[in-house]
Amino acid sequence: MEKQFSFRLRHTQGQARVGELVTPHGVVATPAFMPVATQATVKTLTPEEITAAGAGIILGNAYHLYLRPGVEAVHRLGGLHRFMSWPSPILTDSGGFQAFSMGSLKKVDDDGISFQSHVDGSRHRFTPQLATRNQEGLGADIIMCLDQCIAFGADRQEITRAMQRTHRWAEICCETHVLSDQAPFQALFGIVQGGTFPDLRAESAAAITALPFDGFAIGGLAVGESKEEMYRVTELVADLLPADKPRYLMGVGSPEDLVESVARGVDMCDCVLPTRVARNGALFTREGRVNITNRRFAEMDAPLDPECDCYACRNFTAAYLWHLFKAKEILGLRLASLHNLRFILRLMEEMRQAIAQGRFDRYRQGFWNRYRPTDEKVRQQQKQKWLAAREG
RNA sequence: GGAGGGGUGGGUGAGCGGUUAAAGCCACCAGACUGUAAAUCUGGCCUCCGGAAGGAGUUCGCAGGUUCGAAUCCUGCCCCCUCCA
C-alpha cells in the first residue's frame, strides 16, 4: 500500500520554506508549530479551542501514554485521535526525551533505556523496537525514533556515544516500522544528535539521512546551550538535510527562537513553553513576555494585547486576567494558554505568508524591532536553580 | 464575682535569658520556565546606606525593673479568650 504521507515544498525565501505535510488526518501548512499534548491533552484546552487558535497538528508523548493509560488501552479505545477527540494530525515523541529529563529515574545502555515510572516507581525498559511499536499502537500520523538526548555541557565522548546509539537505534526503528501494518499510515522521522560539535552534527546528519525516513528532526537542542549556539547548530544541520523532506526542530518554541529557526529552514517545531509559561502567568506580546500577575495590570481596563485576536484578548481586560491569576482561578490558566498558543500560531501564520510573498526578511526584522527576549544571564541562573531545586 | 490562658513583624504562628531582625506557612513584590515528573520553581519582603557582602538604627501590648545581656525573668497597668457563678 502506498504511503499516506508526503511533504510538498511550496515556496522558499533564502533558507526559509513554506510547504505542506500531507497526512492521513489532513494537510498541515508549514512552518508549523505543534502544541504539546503530553498526556493526550494540551493542558487546560479542548480540541476545539486548540483548533480555533490555529493549530493543525499536535504532539503527544509515548512515554507518558505508555505508563498511563497504557498503549493497549488507547489502542482499544480507538487510537489516540479518537481517544482524545482530536481530528487533525498527531505526532508522537518516542519517550527518548524523558530519559533525558527524568534524571536519576533512568539508565541508558547501548540497547535501550531502563527507567522507573515517575508515577508508581515500577520498572520498565524501552528499546527502539518497543518505542516504535508503542507509537504504532497509539496511531499517530508521525512517529519518532527513540533517541538519546544529552544535556549541554556533557563531554565529547558522552555526546559521541549517545549519537552512535541514536544512529543504531534509528536503523532498528526503521527495520521495525517497515514491517508494521501501520507503516502506510505513519511517517517515521529520524533524529540528528551530536550536541554542539559541528563535526558530530555533520556525521549524525549523514548517518540519519542515509536511512529511509519520511522526515528529519534536529534533537538535543534547547537543553542549556546559548541561543547563539542553538541557532548555529540548527543552521548547520538544516543545511545538511534533504530539501524534499520536512525538518523538525524538537522542543523549540519561544517566539524569537521560532523566527530564527524558520529563517534557517526549519519546517516544524513543538514546545511546551507557550502553554507551560502561560499557566505560570507569563504571556507573550509583540514587545516581549510579560507577567500578568504584575501589579501594573491590576486595573488595566484594556486587553493585554490590543493587537491579539485570541479569545482572551477579544473578550477580557488585562485587569480581569490579573484577577483570575491572583485568585488562582482555573479560567486564568485556560485564557493564558489560549492567548500564548494563539500568539505563537499567529506568528507561524504570518511567517508562512511572509515567506510565500517573498518578504520574510522584512518580517523577521520587524519582529526584532519590537520583541525583547529574556536576558540570557538571568535565564541561565534561574535554570540552574530550578535543576538544583528538583534534585534536592 | 471565682479559676485559668493569652497579647510576637500585613495575617497566622514558632520562639520562652545570649547562636534572634525573630522559624514555617499565607499574603504581598519581582524573576524564571524551550521533544511537560511543572497551575511549578527562585529571589525579595522593619527602616536607612550598599549591586552584593555587609554596616547602622529602631522592634515582640504599654511603663518600669532584674541582668554583662530580655521577645524570653519580675512588678504594675491596658486589652483579649475559656470555664465556673
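Chain identifiers are assigned alphabetically (A, B, ...) following the order of the sequence lines, protein sequences preceding nucleic acid strands; residue numbering begins at 1 within each chain.
Computed from coordinates, the K385(A) NZ to A32(B) P distance equals 13 Å when rounded to whole Å. Atom CD of Q148(A) is separated from atom P of G35(B) by 18 Å (rounded to the nearest Å).
With a 3.5 Å ceiling on both atom-pair distances, the Watson-Crick or G-U wobble partner of C62(B) is G76(B).
Comparing U36(B), A32(B), A30(B) by their nearest atom to the side chain of V272(A) picks out U36(B). Counting only heavy atoms from C-beta on, K328(A) has its side chain closest to A27(B) among A27(B), G35(B), A39(B). In this structure, of C33(B), U42(B), A37(B), it is U42(B) that holds the atom nearest to the side chain of A389(A). Taking only side-chain atoms of V378(A), from C-beta outward, the nucleotide of U36(B), G35(B), G31(B) with the closest atom is G31(B). Checked against U36(B), A37(B), C28(B), the side chain of M102(A) finds its nearest nucleotide in A37(B). When the nucleotides A37(B), U36(B), C33(B) are ranked by their closest atom to the side chain of L273(A), C33(B) comes out on top. For R295(A), taking side-chain heavy atoms from C-beta onward, the closest of the listed nucleotides A39(B), U34(B), C29(B) is C29(B).
Contact check, R276(A) against U34(B): a side-chain N or O comes under 4.0 Å of OP1 or OP2. OP1 or OP2 of U36(B) has at least one side-chain nitrogen or oxygen of Q98(A) nearer than 4.0 Å. Taking 4.0 angstrom as the limit, K383(A) places a side-chain polar atom (N or O) nearer than this to OP1 or OP2 of U34(B).
Side-chain atoms of K227(A) and base atoms of U34(B) include a donor and an acceptor less than 3.5 Å apart.
For the 3.5 Å distance criterion, the side chains of E287(A) and Y371(A) fail to qualify, holding no donor opposite an acceptor.
Among the heavy atoms of the strands, none lies under 4.0 Å from R334(A).
Environment of CG in L179(A): crowded, with over 12 heavy atoms of neighbouring residues, nucleotides or ligands closer than 6.0 Å.
For W386(A) and A38(B), the ring-to-base geometry satisfies the stacking test (centroid distance below 5.5 Å, interplanar angle below 30°).
The aromatic ring centres of H118(A) and Y63(A) sit less than 6.0 Å apart. Proximity of the aromatic rings of F100(A) and F97(A) is defined here by a centroid distance below 6.0 angstrom, and this criterion is met.
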